[in-house]
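The block underneath contains the structure these notes are about, expressed in structure tokens.
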Amino acid sequence: MKPVIIIGGGITGLAAAWELQQRGLPYLLLEGSDRPGGKILTERAGGFIIEGAADSFLAVKPWAWQLCREIGLGDRLIGTNDHFRKTYVLKDGKLHLMPRGMRLLVPVDPDGLLESTLFSEEGKQRLLAEASIPAGSTGSDESLASFVRRRFGPEALEALGEPLMAGIHTADPEILSMAASYPDYLEKEREYGSVTTATRQAASKPAPLLPGQPTTAFVSLKNGVYELIETLQARLGDNIRLNSPVDSIDEEKIVHLASGEKIAAQAVILTAPTAQAARLVAGVSPALSARLASMQTLSSATVSFGYREEDLPGPLDGFGFVVAANEPTHLLASTWSSTKLPGRAPAGHALLRVFFGGHRHEADVDLPDDALMALAKAELRRVMNIEAAPVISRIFRWRQANPQYAVGYPEHLRQLREQSPAWLRLAGSPYEGVGIPACVKQGREAAKSLLD
Ligand SMILES: Cc1cc2nc3c(=O)[nH]c(=O)nc-3n(C[C@H](O)[C@H](O)[C@H](O)COP(=O)(O)OP(=O)(O)OC[C@H]3O[C@@H](n4cnc5c(N)ncnc54)[C@H](O)[C@@H]3O)c2cc1C
């Protein structure tokens, strides 16, 4: 029997491979680069565990931690240090504590919002007023910016909507589709007339944990997120071929490698980013290829610094900060990694990282290393008074790595599916969720759907 060919060895491709292996179906995973993992990369150096991109994943979406358990990583899962759980928002040059009792935009505890320094009095009242604003009738989709302005007011967009809700997607809030990224918010407005009312009701009766579910909102692995990739690689063995870039796929289901080799496939699961995917399917369907090529992405970069604790002006007192829209800085956010997660820095040391790029300053990603380092240090000096020289520093660039789910995305996705032949599955962060759990789910479902 011909194998299923999986193109791309990021977490989506690896999860698809795992599913096929469990079901005894022949498959071959072709990864273009010299390592699996794609946008997941952990560097371990000098006692630090430095994440190049993802540092953790959501527990409420169970697919990633369930996969960890299945492959024998159950006792390697770690929760965040929630006794230090504090997040700040950089606004007007100052770090403001995130108001107590917020669920993203919703003040579940109004007192927490009223005590906060993050919003003006008018901004607070506007946020609280969401509960009494009649549901709008904007059709099936709109941008995150439009939704937040309409329901919660402009200050909520500036201080929470853009940095947190669009920030998770490294997206432009004026472009990001609500229907694709926060469909539950649209549903709450439609069904309850208000997001606040629905969220408060849900908060009063929290959903029970699934069997085995970690108790913190985010989880990671003791040795970094890459442990998931290394373990999958070991469990999948020779069915993963590295340094095997694919050049094209043809209508006869023949996969053409850049090396000239051709492999006949039973079916293909394509998990490469959309720019590459568009090129690969040009011979299968020009319409599908054009649609994939039209999908937008943004670039980002992380710069990590390890310090001696005694060199810092004070402890890293929280999980980090996000940056309000229109703040005169090139920073997107900062994670205080050694406070957020256990074991990220050796004794007496601290690790933090800052994010650059996104829609406001995408060109920063292309700065030379020394200029990007200098920018990061200058911003940390200004925002956190850090003058110390780091004992370790690392830059990771993620070009065109953040898919933009533009308004109208559900229809676009429907068309993509319609234009794909039955033997071709598109899966991964450009399609149905950017987080690691969503990628695992998509990979496994793509594999299962071929069996159906
Ligand atoms: C800076 C950053 C921070 C993030 N933080 C988090 C986080 O904290 N939590 C979270 O859950 N998610 C996070 N994410 C998102 C998450 O990491 C990604 O969405 C996910 O890893 C994408 O996996 P993927 O398999 O779909 O794609 P990729 O990881 O892009 O994998 C695609 C693979 O295809 C290969 N490929 C490309 N072209 C070819 C070809 N022609 N032939 C063969 N192979 C090819 C590539 O080399 C790559 O290995 C973050 C992302 C970024 C960029």
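Order of listing sets the numbers, starting from 1, for every ligand and every atom in it. Only a predicted model underlies this, so the values are computations on that prediction, with no experimental measurement involved.
- Partner of Leu95 under the side chain to side chain contact (heavy atoms under 4.5 Å, CB included) criterion, out of Thr87, Val89, Leu90: Leu90 alone.
- Note: no N/O pair closer than 3.5 Å links Thr271 and ligand 1 by distance alone.
- In terms of modelled atom types and a separation under 3.5 Å, the side chain of Glu51 and the main chain of Val225 share a donor-acceptor contact.
- The residue from Leu104, Leu105, Leu157 that alone fulfils the side chain to side chain contact (heavy atoms under 4.5 Å, CB included) condition with Phe152 is Leu105.
- Nearest protein heavy-atom neighbour of atom 36 (N) of ligand 1: Ala272 CB, 4.1 Å.
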Please test Arg44 against Glu227 for salt bridge (charged side-chain N to carboxylate O under 4.0 Å, His left out), starting from the C-alpha separation and ending with a verdict.
CA-CA 11 Å; Arg44 298 144 190 152; Glu227 215 178 326; 5.5 Å; no
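- Evaluated by nearest non-hydrogen atom to atom 52 (C) of ligand 1, the leading choice among Ala53, Ala15, Gly52 is Ala53.
- For atom 23 (O) of ligand 1, the closest non-hydrogen atom of the protein is Ile11 CG2, 3.6 Å.
- For atom 31 (O) of ligand 1, the closest non-hydrogen atom on the protein side is Gly10 CA, 3.4 Å.
- Counting heavy atoms under 4.0 Å from ligand 1, residue Lys39 touches it through both backbone and side chain.
- For the residue pair Asp247 / His256, no side-chain donor-acceptor distance below 3.5 Å is found, with atom types taken as modelled.
- Ligand-side atoms of ligand 1 in range of Gly428: 26 (O), range being under 4.0 angstrom from any heavy atom.
- Summary of contacts: the protein heavy atom closest to atom 21 (O) of ligand 1 is Ile40 CG1, 3.7 Å.
- For ligand 1, the atoms lying closer than 4.0 Å to a non-hydrogen atom of Gln276 are 38 (N).
- For the pair Arg279 and ligand 1, the shortest N or O to N or O distance does not fall below 3.5 Å.
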Kindly determine whether Tyr27 and Ile5 satisfy side chain to side chain contact (heavy atoms under 4.5 Å, CB included), including the steps that lead there.
CA-CA 6 Å; Tyr27 71 89; Ile5 301 285; over 6 Å; no
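- Between Glu162 and Arg360, at least one side-chain nitrogen of the basic residue sits less than 4.0 Å from a carboxylate oxygen of the acidic one, meeting the salt-bridge criterion.
- A donor-acceptor pair shorter than 3.5 Å can be found between the side chains of Ser334 and Trp336.
- In terms of polar-atom proximity, Val246 is counted as a contact of ligand 1, with an N or O under 3.5 Å from an N or O of the ligand.
- With a 4.0 Å heavy-atom cut-off, ligand 1 is reached by the side chain of Pro273 but not by its N, CA, C or O.
- Gly32 N, 3.2 Å is the protein heavy atom nearest to atom 43 (C) of ligand 1.
- Ranking the protein heavy atoms by distance from atom 24 (P) of ligand 1 puts Thr12 OG1, 3.3 Å first.
- When atom types are taken as modelled, the side chain of Gln419 and the backbone of Arg291 share no donor-acceptor pair closer than 3.5 angstrom.
- Distance alone, capped at 3.5 Å, is enough to place a donor-acceptor pair between the Ser299 side chain and the Gln400 backbone.
- Between Pro437 and ligand 1, no N or O atom pair is found at a separation short of 3.5 Å.
- Remark: ligand 1 and Ala401 share no N or O pair separated by less than 3.5 Å (distance only, no angle test).
- Near Asp55, with a cut-off below 4.0 Å to any heavy atom, the atoms of ligand 1 are 8 (O).
- In this structure, Lys340 forms a cation-pi arrangement with Phe218, its terminal cationic atom sitting closer than 6.0 Å to the ring centre and no more than 45° off the ring axis.
- At a 3.5 angstrom cut-off on N or O pairs, Glu31 counts as close to ligand 1.
- Using a 3.5 Å distance cut-off with no hydrogens or angles, the side chains of Gln442 and Trp63 do not pair a donor with an acceptor.
- Of all the atoms in ligand 1, the ones that sit under 4.0 Å from a non-hydrogen atom of Gly8 are 33 (C), 34 (O), 35 (C), 44 (N).
- The main-chain N or O of Gly52 is found under 3.5 Å from a side-chain atom of Thr302 such that the two form a donor-acceptor pair.
- The protein heavy-atom contact nearest to atom 4 (C) of ligand 1 is Ala54 N, 3.6 Å.
- Only the side chain of Ile7 comes within 4.0 Å of ligand 1, judged by heavy-atom distances.
- For the pair Thr271 (side chain) and Gly8 (backbone), a donor-acceptor distance under 3.5 Å is present.
- Contacts with ligand 1 closer than 4.0 Å are made by side-chain heavy atoms of Asn402 only, the backbone lying farther away.
- Near Leu30, meaning under 4.0 Å from any of its heavy atoms, are these atoms of ligand 1: 43 (C), 44 (N).
- For atom 15 (C) of ligand 1, the closest non-hydrogen atom of the protein is Val434 O, 3.3 Å.
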